[in-house]
Amino acid sequence: EAKQFASKSYTVNIADNELIDLICREEKIDHVISSFSDNLFEKAVYISERNHLPCFCPADKVVYLRDKMLMKDMLKSLDIPTAKGQMLNMQEFSLEKIRVPFPFVLKPVAGWGSRGMKIVNNADELMSEIEKVKENSSAFSQLMLESINTGYEINVMSWIKDDNVYLLEFGDRETSGKTDSKLPYLSREVFPTIFYEELEAKIKNYLYKIAKYIGILEGPLSMQFFYSDGDLTVGEVAGRFFGLGQGIVPIINGIDLNELLINMLYFPEDNNKILKNVEKNKDHCSIAIYIKSKKGIVRDYGNLHQFRPV
């Protein structure tokens with residue numbers, strides 16, 4: 001989509017540092033934007049550092065938003081509750097060293113989204129799944145075990161600016177069925193969350209503390225957490241927008257996330273106007289419905305127009 005607006009575009013391997021840096025020099029690039037993928041967010045931070053370009057996230061702190069265990073250490077140091085977890089060192093692996101009770105989630109240390117995640121119910125499943133999960137992680141010698149959360153799953157996307165936290169999206173994630181990885185898939189998101197009034201102040205405080213720790217003065221900061229019987233447990237934090245948020249945020253509050261990103265670089269004062277009334281529509285209900293089909297099965301989506309009146 002960005003290529004429609006760009007004056008020039010390249011199709012290159014984002015991991016080819018030498019070529020990327022050459023393009024930055026030859027095109028006299030002054031900023032790098034990427035905010036809908038953990039992997040590209042991380043790459044954008046390091047591209048900016050190598051080429052002495054400004055970036056909203058300091059390069060020496062990006063690891064706290066990408067490495068699952070360092071993220072947990074950060075949250076604990078900030079007194080923010082997080083799920084119990086354990087690093088699994090493949091070179092010294094033995095079942096006797098596992099402290100997290102079955103069932104648990106097996107995660108790549110530096111993965112993103114739900115890629116490579118597996119629910120493991122017993123020791124036999126663990127042994128058969130380890131090699132598969134390792135293929136999805138850049139930290140091949142380590143994996144993470146994490147206790148399963150069963151409460152309400154809630155997503156929040158925010159914008160940090162001038163020591164303020166603006167909630168752009170704060171909704172309940174609802175799931176259906178199970179995929180081959182035994183994880184239920186996202187089928188609906190409802191905005192705002194039914195816990196908005198109850199959790200707004202606490203979530204803003206958590207995001208504020210994380211932004212201060214990382215050193216984010218202005219930019220996106222998102223969080224996924226679980227809530228049950230008054231207990232809140234943070235799953236993950238991301239220095240980006242959630243990929244699906246680009247479509248739903250304009251419906252929730254009329255904000256174009258790409259405009260926020262561009263303004264951050266070139267017209268920061270314009271973001272003050274945009275964010276001024278960002279939460280005025282928190283009483284307006286919006287619902288995102290995600291329709292999925294199984295691999296190899298073609299379904300007829302011809303009646304989707306019936307959703308429009310809804």
Novice: What's the separation between atom CD in Glu189 and atom CD1 in Ile289, rounded to the nearest 0.5 Å?
Specialist: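 If we round to the nearest 0.5 Å, Glu189:CD and Ile289:CD1 are 11.5 Å apart.
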
Novice: Are Asn272 and Asp162 close enough, and set up right, to give a side-chain contact (heavy atoms from CB on, under 4.5 Å), and what steps lead you there?
Specialist: CA-CA 10 Å; Asn272 293 332; Asp162 300 332; 3.9 Å; yes

Novice: Per the salt bridge (charged side-chain N to carboxylate O under 4.0 Å, His left out) rule, what does the pair list look like for residues 47-57, sequence neighbours excluded?
Specialist: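 Only Asp21-Arg50 qualify under salt bridge (charged side-chain N to carboxylate O under 4.0 Å, His left out).
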
Novice: For the hydrophobic clusters of this structure (ILVMFWY residues joined by side-chain heavy atoms under 4.5 Å, transitively), does one cluster hold both Ile203 and Val190?
Specialist: no

Novice: So which atom in Ser286 and which in Ile248 form the shortest heavy-atom distance, rounded to 0.1 Å?
Specialist: CB-CD1, 4.5 Å

Novice: Stepwise, does the side-chain contact (heavy atoms from CB on, under 4.5 Å) test hold for Leu260 with Leu168?
Specialist: CA-CA 11 Å; Leu260 279 179; Leu168 306 178; 3.8 Å; yes

Novice: CD of Glu153 to CD of Glu174: how many Å apart, nearest 0.5 Å?
Specialist: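 Reported value, rounded in 0.5 Å steps: 10.5 Å.
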
Novice: How close do Val100 and Ser147 get, counting heavy atoms only, and between which atoms?
Specialist: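 Nearest heavy atoms, Val100 then Ser147: CG1-N, 3.9 Å.
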
Novice: Determine yes or no for a side-chain-to-main-chain donor-acceptor pair under 3.5 angstrom, with Asp256 supplying the side chain and Asn258 the backbone.
Specialist: yes

Novice: Can you list everything that forms a side chain to side chain donor-acceptor pair (under 3.5 Å) with Lys43? Sequence neighbours excluded, please.
Specialist: Asn39

Novice: Between Leu265 and Tyr46, is there shared hydrophobic-cluster membership here, with clusters defined by ILVMFWY side-chain heavy atoms closer than 4.5 Å?
Specialist: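 Looking at the clustering, Tyr46 is in the same group as Leu265.
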
Novice: What orientation do His31 and Tyr266 show, parallel under 30°, tilted 30 to 60°, or perpendicular over 60°?
Specialist: perpendicular

Novice: Name all residues meeting the salt bridge (charged side-chain N to carboxylate O under 4.0 Å, His left out) criterion together with Lys8; count only those two or more places apart in sequence or in a different chain, and write none if there are none.
Specialist: Glu27

Novice: Any idea which heavy atoms bring Glu259 and Asn271 closest together, and the distance?
Specialist: O-OD1, 4.2 Å

Novice: What are the two closest non-hydrogen atoms of Leu221 and Ser158, and how far apart are they?
Specialist: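 So the minimum-distance heavy-atom pair works out to O-OG, 2.7 Å.
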
Novice: Indicate whether the side chain of Arg240 and that of Ser34 have a donor and an acceptor atom separated by less than 3.5 Å.
Specialist: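 There is no such pair (donor and acceptor under 3.5 Å, judged by atom type) between the side chains of Arg240 and Ser34.
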
Novice: Atom CH2 of Trp159 and atom CD1 of Ile216: how far apart are they, to the nearest 0.5 Å?
Specialist: 10.0 Å

Novice: Check whether any side-chain heavy atom of Leu19 sits under 4.5 Å from a side-chain heavy atom of Tyr10, and report yes or no.
Specialist: no

Novice: Does some side-chain heavy atom of Phe242 sit less than 4.5 Å from a side-chain heavy atom of Val249?
Specialist: no

Novice: Under a 4.5 Å cut-off applied to non-hydrogen side-chain atoms, are Val165 and Asn205 in contact?
Specialist: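 No, side chains not in contact.
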
Novice: Mind listing the closest non-hydrogen atom pair of Ala288 and Phe191 along with its distance?
Specialist: CB-CE1, 4.4 Å

Novice: Applying side-chain contact (heavy atoms from CB on, under 4.5 Å) to Phe170 and Val156, what does each step give before you reach the verdict?
Specialist: CA-CA 4 Å; Phe170 192 8; Val156 57; 3.9 Å; yes

Novice: Tell me, do Lys273 and Asp270 make a side-chain contact under 4.5 Å, heavy atoms counted?
Specialist: yes

Novice: Does Lys68 come within less than 4.0 Å of Glu146, counting only side-chain N to carboxylate O?
Specialist: no

Novice: Suppose the criterion is ring-ring contact (aromatic ring centres under 6.0 Å, His included): which pairs have a residue in residues 212-239, not counting sequence neighbours?
Specialist: Tyr64-Tyr213, Phe195-Tyr227

Novice: How long is the gap from CD on Gln224 to CD1 on Ile154, to the nearest 0.5 Å?
Specialist: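 With rounding to 0.5 Å, CD (Gln224) is 10.0 Å from CD1 (Ile154).
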
Novice: Quick check: is Leu145 connected to Val234 through a chain of hydrophobic side chains (ILVMFWY, heavy atoms under 4.5 Å apart)?
Specialist: no

Novice: Is there a donor-acceptor pair closer than 3.5 Å between any side-chain N or O of Lys204 and the backbone N or O of Leu167?
Specialist: no

Novice: Report the residues that fulfil side-chain contact (heavy atoms from CB on, under 4.5 Å) with Ile194, sequence neighbours left out, ordered by chain and then residue number.
Specialist: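 Only Tyr152, Asp172 meet the side-chain contact (heavy atoms from CB on, under 4.5 Å) criterion with Ile194.
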
Novice: Is it true that a side-chain atom of Asn51 and a backbone atom of Ile47 form a donor plus acceptor pair closer than 3.5 Å?
Specialist: yes

Novice: For a quick test of reading the model, state the closest non-hydrogen atom pair linking Phe41 to Cys57 and the distance between them.
Specialist: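 Here Phe41 and Cys57 meet closest at CZ-SG, 3.9 Å.
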
Novice: With rounding to the nearest 0.5 angstrom, report the CD to CD1 distance, Glu269 to Ile274.
Specialist: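 Glu269 CD to Ile274 CD1: 12.0 Å, rounded to 0.5 Å.
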
Novice: Rounded to the nearest 0.5 Å, what's the gap from CD1 on Ile80 to NZ on Lys209? Could you check?
Specialist: 5.0 Å

Novice: I'd like to know whether Gln86 forms a side-chain contact (heavy atoms from CB on, under 4.5 Å) with Phe104, so could you lay out the CA-CA distance, the side-chain angles of the two residues, the decisive distance to 0.1 Å, and finally the verdict.
Specialist: CA-CA 10 Å; Gln86 174 187 350; Phe104 53 69; over 6 Å; no

Novice: Ser222 versus Asn155: any side-chain heavy-atom pair under 4.5 Å?
Specialist: no

Novice: Could you pull out all residues at least two apart from Lys212 that satisfy salt bridge (charged side-chain N to carboxylate O under 4.0 Å, His left out)?
Specialist: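 With neighbours one apart ignored, the set is Asp163.
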
Novice: Please tell me if the side chains of Phe36 and Leu261 come closer than 4.5 Å, counting only heavy atoms from C-beta onward.
Specialist: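 In contact.
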
Novice: Please answer: with hydrophobic residues joined when any side-chain heavy atoms are less than 4.5 Å apart, are Ile14 and Val45 in the same cluster?
Specialist: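 Ile14 and Val45: separate clusters.
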
Novice: Test of understanding: clusters of I, L, V, M, F, W, Y form through side-chain heavy atoms closer than 4.5 Å, transitively. Do Ile262 and Leu217 belong to the same one?
Specialist: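 Each belongs to a different hydrophobic cluster.
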
